[in-house]
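The structure appears right after this line, and notes come after that.
Chain letters run A, B, ... following the sequence lines, proteins first, then strands; residues in each count from 1.
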Amino acid sequence: MTKVYSQIAIALAAGFALVASGAGSDAAAQNRGGILKYIIPSNPPSADAHRESTFGTIHPFAQFYSVLLRVNPSNPASTTDFKCDLCVGDVPKPTDGGLKYTFKIKKGVKWHRVNVTKNTPAETAKWSKAIGGTELNAHDLVATFKKLIDPPKGVISNRKAFFSMVESVTAPDDFTLVFKLKYPSGAFIPALALPYNFVYAKKILDTDMHWYEKYVLGTGPFKFVEWQVGSHIKAERNEAYYWKGQPYLDGTEAVFAKKYSINMQAIRGGRAYIQFRGFPPKMRDDLVKALGKKLTVQESDWNCALFMTPNNKVKPFDDVRVRRALSLALDRWGGSKYLSKIAIVKTVGGIVFPGHPLAATKKELEQIAGYWPDLEKSRAEARRLLKEAGQSNLKFVFHNRGVDQPYKVVGTWMIGQWKKIGLKVKQRVQPTGPFYATLRNKKDFDVSMDFNCQSIVNPLLDVSKFQSDTIASNQYAGFQDATMDAMFDKMNRSGDPAEQRRIMRKFEKRGLDEKAYQFITLWWYRIILHRTAVKGWKTSPSHYLNLDLANIWLEEPLLSAK
Amino acid sequence: MYQYIVKRVLLMVPTLLGAAVFVFFLLRFIPGDICELRMVGEGGYVDESALATCRAGIGIDKSIFLQFVDFMWGFVIFDLGTSMWTGQPIGYEIGLRFELSLQVAIMATVASVLIAIPLGTLSAVKQDTWIDYVVRGFSIAGIAMPSFWLGILIILFLLIGTQAFLGEAWMPPIVYVPIWEDPGYNLSMLIWPALATGYRYSAVATRMTRSALLEVLREDYVRTARAKGLLEKIIINRHALKNSLLPVVTVVGIEFAFLMGGLVVTEQVFNLNGLGKLFVESVLNTDYTLTQALVMVVVAVFVLVNFLVDLLYAWLDPRIRYS
Amino acid sequence: MAAPDIQIDSRLEDLAERPPLGVIAADLVRRQPLGAAGLFIVLVMIFMAVFADFLTSYDPELNAFEDMHIAPGAEHYLGTDQFGRDILSRIIYGAQTALIIGFVAAFIGATLGLVLGVSSAYFGGRFDLIFQRVMDVFMAFPLIILALALVAIFGQKVENDVLLVIIAITIPFVPNCARVVRSSALAIREMPYIDAARALGYSHARIILCHMVPNVMAPYLIMVTAFVGQAILLEASLSYLGLGVQEPTAAWGLMLQGGAEEYAESAPWIAVFPGLAITFAVFGFNLFGDALRDVLDPKLRRR
């Protein structure tokens, strides 16, 4: 066994070395041409990212659109590095005491003129003929942001709350965009940089607000060719793209396949070159073994965390001692070591994305129940608490989502951990729909898995799940705590990172330990596998980011592959 | 005969109607709804007003009774509506997949007949010898294997085999292209699931061929033919086999009908964008309109094929007359 | 149709009760070698399930990560899985789960089908007509889809995973059995002795239970054996879709689902052995069922 692992280790090392050299050769001339074949483990519901929340809409459709701001494509791992896409120059600084943002909009950005074939929907052809080749202007952006910030009746904007600070959005002239805020907010710029904010054409929106759900017409690096629902989507280079030289590819072809095994086999068998979401570790090892140097592995912490959520409303989980015991029983440090071999989780962390300045250090974490370095002490304390609460022989059913990675794997691990302090736990899973219906009604479960997953790393908002459920509708533990709510607000209004960090520690300690409302198990870990000949793309902590594909180019042999 | 056909066609109506009512209520009993799924399922923020808008947009905030009336009215005017998941017209969604499913069903049926008739015949002729046992064992093993397991093994052997012999792993295509556009590509994709399914479905047909043939071989005319000193081969091929095909036709026909919507698991394994995969996705998405429509299509195909099988039966066996 | 074959029952009794056992076994092997093989597999499975506690020293549910992915060898005959659990032990305990699901689902499903099918044939007329249409609807519904919907529906309230799976696969069995039984019962309904029973003023229930049901036992028993195998396969398919029996319970379909695709290449034992266990079990039940059909179905019986 050790031999096999060491081989894998060597192969992995080779993979990483290739990443390094790939990054180094960025300065070299990029090849032009080729079709990027990639695979998406989803079937996108609609093409309108304003209304959807799934990566299944971002992965295939981001390539068709421009956005106002985006994460730096050359530095997507940064949590604070935003760049202009449609605006000119750097991200503007606010004026009027933080209440006004003025964006100069790029000139020469043209709406796509698609090549009409028999597979082009009539609607797309019609609008391409009407506005294709005309220039995008600030009025398009106003229409887009109005749809996002204050959608008319019957139109869904799923992240409306992100823009609650916005007073108005206007275009004083054709190439100036002005946002006025109700109050200064550090959360505004990250909200503008959300990957969901595709810029749509005003003329189309004026005619039909729902048009973009089914059809595609944008200004991004690639133009629409065809979309066969449930099967695949094809795109070709936008020759008129405003970032000179880009995109490098002639086109892209994305296939929808939900099963990870198909994803992996497709990369192995050359049916796809990359998948942008992530793979389980075992598949990485197998693929590295099968493809050797032809495969590159990029890994990163992932801004998604698995929660263990006891139902604070039902007995005996209304007892803080029982809830604390549940967390104390988990050997997170040891679990990380083994689970990272079989599941897409790895990093031990508190409520803040690990690695972010606001996250707890290892030392700080070790002060929190369930993170103690001494496992035996932790388990003894768990048993003591259960005994004190009169629940030494507690039996319950753990409610989980019917998805293998990482839910059921981590769930099985937790059940094993609880067994070690004498708890008898069965697992029940439901498909995603009923699973969330059960979570949201807050009655039909004892202890459940839950998770939190965001695009842009923004801890101040990402920890909103620890507020009272009267405020945070995605908090399913069912607790109310005015102290937590007050701390959350204070943190968000404070401009001082040191102050934020101080409050965050108290907030974390109270939520995870003192009151033990709900718990983080482990943070996800993103493993991207791609053919080494795919160049120019860098991973990031979110599978929603850096997906317009404009900076990707291909080396031989993929460049000339059919 | 005409009367019989008209009667059968009329009898399809209550079946379809029953299926419609059944699936309508079945789906409404599933906790949660499609809006919750798409807005909550990715672990992000939950905007309750967006949820409400979504529900109103697809009409699932209405009372069950009103929804039922809408659905039934759509049924009457042949309007299947749009999928709640993608917003695309259901006719379009199903049409895309129908072609693929039909082709796999036909190929699998052909494969299963090609396996079943020779094996069944062999088994009957060599009745109670070790050949008979091996053949029966082989055919029963086909239905004993979990279909996805067989599929996984096939893909794995293809990958490993091609890597070993060609140096580069080859995987069957995962994007469907119609057979008239690129036959080679199309077949290299669909032959594997068709073979796997055909083998699986050949078991019942093999057994049917064997027992039907055994029965026929005991008939008087076969005895007469033997007494005349005809070659056993001619007896089997010219006399016995032809007359034993009748029950086999029935079995194969019914299996074909099942295959149209029943390739649920196989389509997952091979990532075929067919009706079965769509079916699973739509049920798991609680996409009411799409699931309802799919049920109607599958039931209609099933009823229709059964009807055609009965007609074929009458045509093959002059003794049967429907009136 | 031939007269109801009373010999069927006596023959069964012959098989079950006549000593000595060895003679019967030899007779069975001679007459129905495949059926005997099937019966043998089924008996092995039952033996595994009953004596699971004595057959293995490993806890099938205890995670031992230090032992993950050990290849088959002297320590673990069939290796260990991704949680470090002994696969042989999980297969042995898995036989319990498979048999419980198989027998309970098959028995309840077939029995409900029996009652419905016979009643439908007995009452005939409009009731039968409606009943047939209802059965048509069910028959056309892909089994796995129906099972999937039922899991989704009952998953919120039924907390026991095995029970949930049983519910989901029992219901689709009912119409299958009802249809077969009904067609046999139709012939029996026309028998003079049923008329006689009616003339004597027996209640419907008595006629159905005492006079009709015993005469459709042959197709019923054949359906039950066929369903056991089908139930085991359906459970595996549900597992494949992520909604079968759940960890940490030892169940074959679950073992395949968690391991088959992810580990098929680097740790093939995780995927191969549970798959073989399912295949053998279903194979056994099918062989046995076929033999039973040969014995019980008068049309196919040869002397």
Side-chain angles (χ1 to χ4, degrees), chain B residues 11-12 14-19 21-23 26-27 29-32 128 130 132-133 136-137 140-141 143-150 152-153 155-156 159-160 203 207 211 214-215 218 257-258 261-265 268-269 276 279-280 283-284 286 291 294-295 298-303 306, chain C residues 33-34 37-38 129-130 132-134 136-146 148-150 152-157 229-230 232-233 236-237 239-243 252-253 256-257 260-261 264-265 268 271-272 274-275 278-287 290 293-294 297 299-300 302:
Chain B
L11 274 178
M12 286 180 197
T15 307
L16 284 170
L17 213 66
V21 175
F22 176 68
V23 67
L26 187 76
L27 287 171
F29 277 116
I30 298 178
D128 289 341
W130 65 271
D132 179 26
Y133 298 141
R136 284 161 70 192
I140 290 176
I143 23 175
M145 264 185 256
S147 51
F148 64 91
W149 192 62
L150 183 62
I152 292 168
L153 292 183
I155 295 184
L156 203 65
L159 282 167
I160 296 175
R207 182 166 65 204
S211 56
L214 280 180
E215 216 168 305
R218 283 197 292 274
F258 270 119
L263 279 176
V264 172
V265 172
Q268 300 274 333
V269 176
F279 221 144
V280 173
V283 170
L284 291 181
T286 49
T291 314
L294 277 170
V295 167
V298 172
V299 172
V301 169
F302 185 83
V303 176
N306 268 318
Chain C
L34 286 179
L129 197 71
I130 294 173
Q132 260 188 295
R133 297 282 81 73
V134 173
D136 277 353
V137 171
F138 273 93
M139 290 292 289
F141 232 92
L143 273 188
I144 185 80
I145 295 288
L146 190 52
L148 203 63
L150 291 169
I153 290 170
F154 291 105
Q156 194 163 44
K157 299 290 180 192
Q230 269 197 46
I232 295 173
L233 277 181
S237 292
S239 280
Y240 179 73
L241 298 173
L243 299 170
W252 296 341
L256 258 191
Q257 181 259 342
E261 293 190 317
E265 202 177 341
V272 168
I278 294 176
T279 308
F280 267 111
V282 180
F283 188 62
F285 275 104
N286 283 351
L287 285 182
D290 273 10
R293 179 197 307 265
D294 287 352
D297 194 333
K299 271 198 294 180
L300 294 178
R302 295 164 294 109

So, the part of Phe285(C) with a heavy atom under 4.5 Å from chain B: the answer is neither

If one checks every heavy atom of Leu16(B) against chain C at 4.5 Å, the contacting part turns out to be neither

Applying a strict 4.5 Å limit to non-hydrogen atoms, the region of Val280(B) in contact with chain C is both

Whatever's closer than 4.5 Å to a heavy atom in chain B on Ile232(C) counts as neither

Separation between OH (Tyr133(B)) and CG (Leu34(C)), nearest 0.5 Å, reads 6.5 Å

Are any side-chain N or O atoms of Trp149(B) and backbone N or O atoms of Ile278(C), one a donor and one an acceptor, separated by less than 3.5 Å? no

Honestly, the part of Ile130(C) sitting under 4.5 Å from a heavy atom of chain B is neither

Heavy-atom nearest pair, Gly137(B) first then Phe283(C), reads O-CE1, 3.2 Å

Practice task
Would you mind reporting whether Phe154(C) and Phe29(B) have side-chain heavy atoms less than 4.5 Å apart?
Solution key: no

Considering only heavy atoms from C-beta outward, does the side chain of Leu287(C) approach that of Ile140(B) to under 4.5 Å?
yes

Hey, mind stepping through Leu26(B) and Ile153(C) against side-chain contact (heavy atoms from CB on, under 4.5 Å) and telling me if it holds? CA-CA 8 Å; Leu26(B) 187 76; Ile153(C) 290 170; 3.8 Å; yes

Q.
Please evaluate residues Arg133(C) and Leu11(B) with respect to the criterion side-chain contact (heavy atoms from CB on, under 4.5 Å), reporting the C-alpha separation (whole Å), side-chain torsions for both, the decisive distance (0.1 Å), and the verdict.
A. CA-CA 8 Å; Arg133(C) 297 282 81 73; Leu11(B) 274 178; 3.5 Å; yes

The interface call for Leu284(B) against chain C, heavy-atom contacts under 4.5 Å, is side chain

Open item on the list: I want to check something: taking the side chain as every heavy atom from C-beta on, are Tyr240(C) and Pro146(B) in contact at a cut-off of under 4.5 Å?
Closed with: no

Applying a strict 4.5 Å limit to non-hydrogen atoms, the region of Val303(B) in contact with chain C is neither

So CD of Gln268(B) and CD1 of Ile144(C): to nearest 0.5 Å the spacing works out to 9.5 Å

query: Is any side-chain heavy atom of Phe22(B) closer than 4.5 Å to a side-chain heavy atom of Val134(C)?
result: no

When the 4.5 angstrom heavy-atom criterion is applied to Leu243(C) and chain B, the contacting part is side chain

| request: Step by step, work out the side-chain contact (heavy atoms from CB on, under 4.5 Å) result for Phe148(B) and Leu256(C). | output: CA-CA 10 Å; Phe148(B) 64 91; Leu256(C) 258 191; 3.6 Å; yes

Check whether any side-chain heavy atom of Val295(B) lies under 4.5 Å from a side-chain heavy atom of Val137(C), and answer yes or no.
-> no

With chain C, the option among Val269(B), Leu294(B), Thr286(B), Asp132(B) that has the most non-hydrogen atom pairs under 4.5 Å is Val269(B)

- Query: Heavy-atom distance under 4.5 Å between the side chains of Met145(B) and Leu233(C), does that happen here?
  - Reply: no

